[in-house]
Each structure stands twice: as C-alpha cells, then as structure tokens.
Chemist: 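Provided herewith is a single structure, encoded as structure tokens, for subsequent inquiry.
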2 protein chains.
Amino acid sequence: MKQYDHPCVAELTVTQILHALSDPFRLSIVRSLAALQPQPCAPLQGGRPKSSVSHHFAVLRAAGLVRTEVVGVTHMNSLREQELNARFPGLLAAILAACATESSATEQAATPSGEHSLP
Amino acid sequence: MKQYDHPCVAELTVTQILHALSDPFRLSIVRSLAALQPQPCAPLQGGRPKSSVSHHFAVLRAAGLVRTEVVGVTHMNSLREQELNARFPGLLAAILAACATESSATEQAATPSGEHSLP
DNA sequence: CCAATAGTTCGATAATAATGGAACTATTGA
DNA sequence: TCAATAGTTCCATTATTATCGAACTATTGG
C-alpha cells in the first residue's frame with residue numbers, strides 16, 4: 001500500500017503555493033476539489049493524458065495544497081484546507097473567491113441576456 | 001513624456017496575478033511597495049542588472065499589480081491596491097498577510113532566543 | 001492467477017520564462 | 001548643448017516547466 005509524501009504545514013511557502021495555483025489547469029483542479037471532496041484524479045482529467053494529470057497533481061501535493069490518499073485502486077484527493085488555513089489564514093479562500101469573481105464576470109460577458117450558464 | 005500601458009481592472013486574471021507573484025523577487029517588490037509607496041525601481045533592484053529588474057516590473061504591470069508613472073527622470077511605482085481590491089476583494093491582502101506570516105516564522109527559526117531581527 | 005483499472009514514473013521534446021550585456025531613450029541639471 | 005541619471009528594449013543564452021507516449025506498479029474483481 002503505497003502512500004505519498006506530503007510536506008508538513010510549516011514547510012509550505014507562499015511562492016510555491018502561488019506558483020502551483022498560477023496554472024489554469026491546476027487551479028481548476030483545486031476549484032473542483034473545493035466544490036466536491038474527496039475526488040479521484042480521473043474525473044478531473046479534462047481530456048489530458050494521464051501522465052500530464054499526474055504531474056500536475058504532484059505539483060499540487062508538493063505545494064501542500066492537495067493530500068492524496070490511496071484507497072483501493074483509486075487515489076482520493078482532497079484540499080488541505082484546515083492546515084493551509086492555519087498556516088496562511090484566508091489565503092486559499094481569497095484565491096477561490098477571486099476565481100469565482102472572475103468566472104462569473106466571464107459568464108456575464110458570454111451570457112448577455114437571460115441564458116443560464118451551468119453546463 | 002512616455003507613459004505605460006496598464007491593463008484595466010476588468011481584464012485582470014487570477015492566474016496572471018498568481019504567476020506574477022509566484023516569483024520571489026517580484027513578490028519582494030510588491031511587499032516593499034505595500035510598505036512604502038510610491039517608489040522608483042532603483043531602490044528595489046537588490047543587486048540585479050537593470051534589464052532584469054525592468055523585466056520583472058513589466059510582468060507586474062502586465063498582471064495589473066503595479067502602476068508606473070513617469071515623474072521626471074524616475075519611474076514611480078505603486079500598487080494598484082484599490083482597483084485590485086475592487087476586482088478581487090481581499091486577494092492581495094491575503095497574499096501579503098501570508099508573506100508576513102511566512103517571514104515571521106523564518107525569523108523565529110533563525111532567532112531562537114531573545115535576539116531581535118530588524119536589520 | 002489473470003485481466004482490468006487507476007495512476008505513476010521515465011524520458012524525450014517543446015514551450016515559457018529568467019538572466020544579463022549592450023545599445024538606446026527620455027529627462028534634468030550644469 | 002552636454003553629461004549624467006533612470007530605465008527600457010533587444011538579443012542571445014540558460015533554466016524551468018509542461019506535454020505526452022510508453023512502460024511500470026499496485027489493487028481489485030472474476
């Protein structure tokens with residue numbers, strides 16, 4: 001039963017976290033996890049090859065954002081919200097809120113009238 | 001009198017902002033500006049060649065974080081705090097707070113007993 | 001035990017970004 | 001007008017990241 005290394009909270013750095021979240025795909029993973037937790041990797045692939053997805057998850061783990069637990073044949077991912085919040089209060093929340101702001105603005109631009117945009 | 005292009009707030013993206021701040025040098029520039037505003041580039045160079053500094057300022061401007069005004073022979077930089085906050089409330093503040101947390105933790109590690117660490 | 005599933009690791013290639021020297025621009029003070 | 005100052009722009013080089021196929025690992029169900 002292989003498990004993963006997760007850095008402890010004291011080791012996390014702001015730049016590493018910001019870098020991890022500065023990639024649109026990784027940010028979308030984190031957003032999905034914030035909405036539904038835990039989740040395996042598969043539903044978050046978005047058409048990418050598995051090796052690429054695996055790489056991005058590794059970056060997120062190294063930054064301390066995501067914890068991956070091996071559960072049977074799937075790897076369950078969750079955000080390290082409490083820990084992150086203990087170390088950098090409000091940081092993750094502010095970033096997620098900013099994403100929400102941004103995407104609702106885009107929706108408005110793309111949906112001028114009464115359409116609704118949930119896919 | 002040459003001036004700079006600054007993207008308008010509506011154009012700013014979260015990933016661009018996070019990427020801009022994921023570089024330690026750029027983050028230190030932003031931190032300095034948050035403490036003292038406006039400032040020319042020169043005092044923030046930190047021993048780097050001017051072309052490099054100029055590049056990093058361009059990234060910060062493109063991300064919408066910094067505004068540069070030409071004032072005589074110097075270029076005065078300031079944070080676009082209000083605008084940024086209007087677009088992504090609390091984002092910049094949370095990131096700056098996280099930096100403060102991080103650096104105070106490092107100070108504690110480096111200063112075990114009663115020393116004080118202001119240089 | 002075998003096949004299927006879910007993901008990782010490796011290795012090569014391509015894309016992005018950082019670095020720094022040299023030449024250039026704009027502004028001011030002498 | 002000339003020299004000095006403060007940055008920028010251009011360019012080449014290097015370093016970091018991302019991408020993706022192929023081979024590999026661990027776990028489970030049959």
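Sequence lines set the chain letters: A, B, ... in the order given, protein chains first and strands last, and positions in each chain run from 1. Note that the structure is a prediction, hence the values are computed from the model and not measured.
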Chemist: Rounded to the nearest Å, what distance is computed from the CG atom of residue Leu44(A) to the C1' atom of nucleotide dG7(C)?
Modeler: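 Spelled out: CG on Leu44(A) to C1' on dG7(C) is 13 Å.
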Chemist: Which of the following nucleotides, dG7(C), dA6(D), dG20(C), is nearest to the side chain of Ser52(B)?
Modeler: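 Side chain of Ser52(B) sits closest to dG20(C).
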Chemist: Give a yes-or-no answer on whether the side chains of Arg61(B) and Thr68(B) include a donor-acceptor pair shorter than 3.5 Å.
Modeler: yes
Chemist: Side chain of Cys41(B) only, heavy atoms from C-beta on: which candidate in dG7(D), dG7(C), dA18(C) is closest?
Modeler: dG7(D)
Chemist: Checking contacts here: which listed nucleotide (dA6(D), dG20(C), dA17(C)) is nearest the side-chain heavy atoms of Thr74(B)?
Modeler: dA6(D)
Chemist: Measuring from atom CD of Glu11(B) to atom NE2 of His6(B), what distance do you get when rounded to the nearest 0.5 angstrom?
Modeler: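 If we round to the nearest 0.5 Å, Glu11(B):CD and His6(B):NE2 are 12.5 Å apart.
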Chemist: How many Å lie between NZ on Lys50(A) and C1' on dT25(D), as a whole number?
Modeler: 11 Å
Chemist: Could you tell me the separation between the CD1 atom of Ile29(A) and the C1' atom of dA18(D), rounded to a whole number of Å?
Modeler: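 Answer to the nearest Å: 13 Å.
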Chemist: dG7(D), dA18(C), dG20(C): which one has an atom nearest the side-chain heavy atoms of Arg48(B)?
Modeler: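 Ranking dG7(D), dA18(C), dG20(C) by closest atom to the Arg48(B) side chain puts dG20(C) first.
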Chemist: When only distance counts, do a donor and an acceptor, one from the side chain of Ser54(A) and one from the base of dG7(C), lie under 3.5 Å apart?
Modeler: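 Looking at the base of dG7(C), it does not pair with any donor or acceptor on the side chain of Ser54(A) (distance under 3.5 Å).
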Chemist: Please compare Thr68(A) and Val73(A) by the position of their nearest nucleotide in DNA chain C and report the one closer to 5'.
Modeler: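 Nearest nucleotide further toward 5': that of Val73(A).
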Chemist: Does dT8(C) have its OP1 or OP2 closer than 4.0 Å to a side-chain nitrogen or oxygen of Arg61(A)?
Modeler: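 Yes, such a contact exists.
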Chemist: Would you mind telling me which of dA18(D), dG7(D), dG7(C) lies closest to the side-chain atoms of His56(A)?
Modeler: dA18(D)
Chemist: Picking from dG21(C), dA18(D), dC10(C), which would you name as closest to the side chain of Ser51(A)?
Modeler: dC10(C)
Chemist: Looking at side-chain heavy atoms only, is the closest gap between Arg67(B) and Asn77(B) below 4.5 Å?
Modeler: no
Chemist: Is the phosphate of dA17(C), meaning OP1 or OP2, less than 4.0 Å from a side-chain N or O of Arg26(B)?
Modeler: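 The answer is no; no side-chain N or O of Arg26(B) sits under 4.0 Å from OP1 or OP2.
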Chemist: Give the rounded distance in Å between these two atoms: CG of Asp23(A) and P of dA18(D).
Modeler: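 Value for this atom pair: 6 Å.
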Chemist: Starting from P on dA26(D), measure out to OH on Tyr4(A) and report it in whole angstrom.
Modeler: 11 Å
Chemist: State the CD-OG distance between Gln37(A) and Ser78(A), to the nearest 0.5 angstrom.
Modeler: 5.5 Å
Chemist: Rounded to the Å, how far apart are His19(B) NE2 and dT16(D) P?
Modeler: 14 Å
Chemist: Nearest whole Å is fine: how far is dT17(D) P from Leu18(A) CG?
Modeler: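 Rounding to the nearest Å, CG of Leu18(A) and P of dT17(D) are 14 Å apart.
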Chemist: Which nucleotide, dT8(D), dA6(C), dA18(C), lies nearest any side-chain atom of His55(B)?
Modeler: dA18(C)
Chemist: Find the distance His75(B):NE2 to dA26(C):P and express it as a whole number of Å.
Modeler: 10 Å
Chemist: Before we go on, tell me: are the rings of His75(B) and Tyr4(B) under 6.0 Å apart, centre to centre?
Modeler: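 Close enough - the centres of the two rings lie under 6.0 Å apart.
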